[in-house]
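A short write-up of the structure that comes next.
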Amino acid sequence: MQRFPWSSRNSDRKEGRAEPADRPTSASPPRSVGRTPDTPGARAPRRIPRRRGALALAALGAAQLVGCSPDSSGTRASQAATESAHRTPLRTFYQQKLVWTRCGELQCATLTVPMDYAHPHNGKTFTLPVIKAVATDPDRRMGSLVFNPGGPGGSGVATLKSDGVASFGKAARARFDIVGFDPRGVAGSKPALDCTARDDTADQADTADQAGQNESSADAPQPLYPRTDAERQAALADADRTAAQCQARSGEILPHLGTLDAARDMDVLRAALGDDELTYLGWSYGTYLGTIYAEQFPQRVRALVLDGAVDPSQDWAQQALSGGRAFRKAVDDYADKCAQVVGDACPADTPDGIRTLIADLFAETARTPLPVKDSSDRVDQTTFQSAVTASMYTPEAQWKSLSGALSAAREGDGTELAAIANPSADHQDDGGTSGATDAPSGAAASDAPTDHSPAATSPRDNSSDILAAVNCVDTPHPKDPQAYWDVLDRAHRESGVYGASNVLTELTCRNWPSGPLKPHRVKADDLPPVLVVGTTGDAATPYENARSLAAQLPGGMLLTYEGLGHTAYGRSNRCVTDAVDGYLVDLKPVRPGTTC
C-alpha cells in the first residue's frame, strides 16, 4: 500500500483546511512515509510508484497490502515464536547490543537477523539499518517507540531523515525515542531486493521482436483493462517477466521477505533496544506488520497503534475489489469537494465538469499519450491513472497540484501529471531518470551527509520491488490466469479502471514463492488493548478495514477520523493526536464510538 512533498509545516490539516496543531502534516515520498509528494518534513505518504506497462510491481492502495495470519492457531504460533526466541540458535541475535553512531541530528545503528529463522546459524543474515530520534525529555523517557511507515517497502530510515519525527505528537516525542528501521530486503537492508532487468535494452528488444513490432514495447500504450486475448497475454508476459527478473537478481532471498519474518525481526529489535515490551505505531502496511507481531508475541506487546488498517481476513481478490471501489469513491470525493479544499484552482467549475474532464483524459491518453516537456516520456493511460490515484493520499497537500496538472493536460501538456506519477524522476531528453543513481532522491550529491554512520548514505529506493515481493509471499495467489480475468472483469464492472488496475498488479504473484500465511481472522490470546485508527475517506485502506480489524483484536479500540486521505495520525487534527498520544504514553483507553 503504495505509498509518500510539503508546506504548512506548522499546522495539521483537516479536509484541506489548515487548523492549529502541535506539529506539521507530513513528509515526502515514497508512498510510505508522510503524506504527499510535494511537501518537506514528516512522513511521506504510502503512494503508488509509477507503473510502466500493463503490469508493474506497484499496487493500487490496499490491494497489495493483503496479508494473512498464520494457518495454525494463533496461540500455538505465538507460543512457538516466544519459545524460539530463547532457544540457543537465536540467543546470539537476541543478545546483540546496538552500537549507536551520529548521523546528522539522529543516531544510527545496524541490527543483524537470520535470513532463515528455521536455520538461523547457516551463515546467511540480513543486516538492517536502524535510526532513532532521542526523546526530547530524557529525564522522563519511557523507552522506544518503534514505527513502520507503510508500503510494504517504506524505509523507516529515510522517513526519519526526511523529518518524519514531525508526524509524532509532542507528548510521544518527549517520552520515547522514535525508532525506525528498514525491514529485510528494503532500501538499506543488506542484502536488498533488486528486481531490475539485467539489460533493459536487450529486454525491450526481445519483447519487440516477440511482438513483431518495430518499436520497443515500452513505447506502446497498454490498456488498464485488457479485454482481448492478445492484450491479456501481453499482461501475463509482462507479469512473468517481472517475476523472472526478481528471481534472477534476488532469488535466494525471495522466500524470506514475508511479514512473518519481518515481525520476528522486530522482536529482535525490541530486545536489542533493551525494551521488555514493544511500543509500536504502524501506518498502512505497518498495521499488518503490527498485527502479525501481535499474533506471534502477544505477551511482549505494551501498546500498538494501527493507523490505516489492513484486514488480514481478506484474500487477494477481496482486497483488490474493495481497493478499487475505495479509489473510485475517492476520485468522486475529489470532484465533489475540490472547491472546498483548493478553491478557484479546481480544473472545472462543477463536480460534474471535473468528472467529465477526468473521463475524457482517460480516453484521450489511451489513444494518444500526452507529451512531457524536455523529455521523450509520454503520459499514457497507465501514468494518468497513477497520477490521479496517487493524489488521493493527502488531499490537503496534493489536490491543488492535481488540479493544475489536469488543467494543463486539457491543453495537451502532460508534464505536471508525469511529475505527480513519478515525483523522483528527472525527465531528460533521453527519457532517463536520475532516480537510478546512488544520489539521494531530490538532492544533489553535495547535500549528502558527510559522516560515515551506517545509515548516512541513501540507498536505491526499491519500494516498487518490495511491494510485489512481500504481497506475493504473504498472500496465496492462484496460478491459473483465468482466476485473475474473472476478478478483473468484476472489478471493472464495479470500479472501472481503478478496479481493473488493482487486479492487474496481482498477476506477478502467479509464479512467485509463497509463504505459510493465509487469510485468517486475528488470533492473539493475552494481547493487551490495541488502538486501531480509521479514516472515513481513506482510499488506500478503506475505513471498513479498520472496523473489521478492531473487532478481531481482543480489546480492540477504534478511533474514527472523519476526513479524506490516507491515515490520520500526523496529518489530521489535535483530537487524533491527543487520543493516540494518550494511549501511547499513559495507555489511556479510547471510548467506543470516539470520532474526531
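If you're wondering where the values come from, they're calculated on a predicted model, not measured in any experiment.
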Search all heavy atoms of Gly286 against all heavy atoms of Leu306 and return the closest pair with its distance.
O-CD2, 4.5 Å

Taking all non-hydrogen atoms of both residues into account, name the closest pair between Ile253 and Pro191 and its distance.
CG2-CG, 3.8 Å

Worked check of side-chain contact (heavy atoms from CB on, under 4.5 Å) between Gln96 and Leu111:
CA-CA 8 Å; Gln96 65 185 298; Leu111 179 78; 3.6 Å; yes

Answer yes or no: is there a side-chain heavy-atom contact under 4.5 Å between Thr291 and Gln296?
no

Side chains of Met115 and Thr125: closer than 4.5 Å at any heavy-atom pair?
no

Is any side-chain heavy atom of Thr259 closer than 4.5 Å to a side-chain heavy atom of Tyr288?
yes

Taking C-beta and beyond as the side chain, do Trp399 and Met392 meet within less than 4.5 Å on heavy atoms?
yes

With distance as the sole criterion, is a donor-acceptor pair present between the side chains of Ser144 and Asp177 under 3.5 Å?
no

What do the steps show when you test Tyr280 against Met266 for side-chain contact (heavy atoms from CB on, under 4.5 Å), and what is the final call?
CA-CA 10 Å; Tyr280 172 82; Met266 200 156 63; 3.5 Å; yes

Considering only NZ, NE, NH1 and NH2 on the basic side and carboxylate oxygens on the acidic side, decide whether Asp275 and Arg270 come within less than 4.0 Å.
no

Ignoring hydrogens and geometry, is there a side-chain-to-backbone donor-acceptor pair from Thr287 to Gly282 under 3.5 Å?
no

Under 4.0 Å between a Lys/Arg side-chain N and an Asp/Glu carboxylate O for Asp139 and Arg141?
no

side-chain contact (heavy atoms from CB on, under 4.5 Å) evaluation trace for Val585 with Phe176
CA-CA 9 Å; Val585 175; Phe176 295 101; 4.0 Å; yes

Donor-acceptor pair, Arg175 side chain versus Arg140 backbone, under 3.5 Å?
yes

Distance to the ring centre below 6.0 angstrom and angle to the axis at most 45 degrees; does that hold for Arg173 and Phe168?
no

Under 3.5 Å, is there a donor-acceptor pair linking the side chains of Tyr543 and Thr560?
yes

Salt-bridged, Asp538 to Lys329, with N to O below 4.0 Å?
no

Determine the interplanar angle of the His121 and Phe93 rings, folded into 0 to 90°, and report it as parallel if under 30°, tilted if 30 to 60°, perpendicular if over 60°.
parallel

Do Glu252 and Lys124 meet the salt-bridge criterion of a basic N to acidic O distance under 4.0 Å?
yes

Using the side chain to side chain donor-acceptor pair (under 3.5 Å) definition, which of the options Thr577, Thr535, Asp307, Asp581 pairs with Tyr569?
Asp581

Are Ser548 and Gln552 close enough that a side-chain donor and a side-chain acceptor fall under 3.5 Å?
yes

If we ignore angles and hydrogens, is there a donor and acceptor under 3.5 Å between the side chains of Asp265 and Tyr117?
yes

Can a side-chain donor-acceptor contact be found between Thr567 and Tyr393 if the only test is distance below 3.5 angstrom?
no

Within-4.5 Å side-chain heavy-atom neighbours: Leu517 and Leu260:
yes

Looking only at heavy atoms, what is the nearest atom pair of Val179 and Lys132, with distance?
CG2-CB, 3.9 Å

Assess the residue pair Leu531 and Leu304 against the criterion (side-chain contact (heavy atoms from CB on, under 4.5 Å)); give the C-alpha distance rounded to whole Å, side-chain angles, the decisive distance to 0.1 Å, and a yes or no.
CA-CA 6 Å; Leu531 179 58; Leu304 296 180; over 6 Å; no

Within-4.5 Å side-chain heavy-atom neighbours: Val186 and Leu193:
no

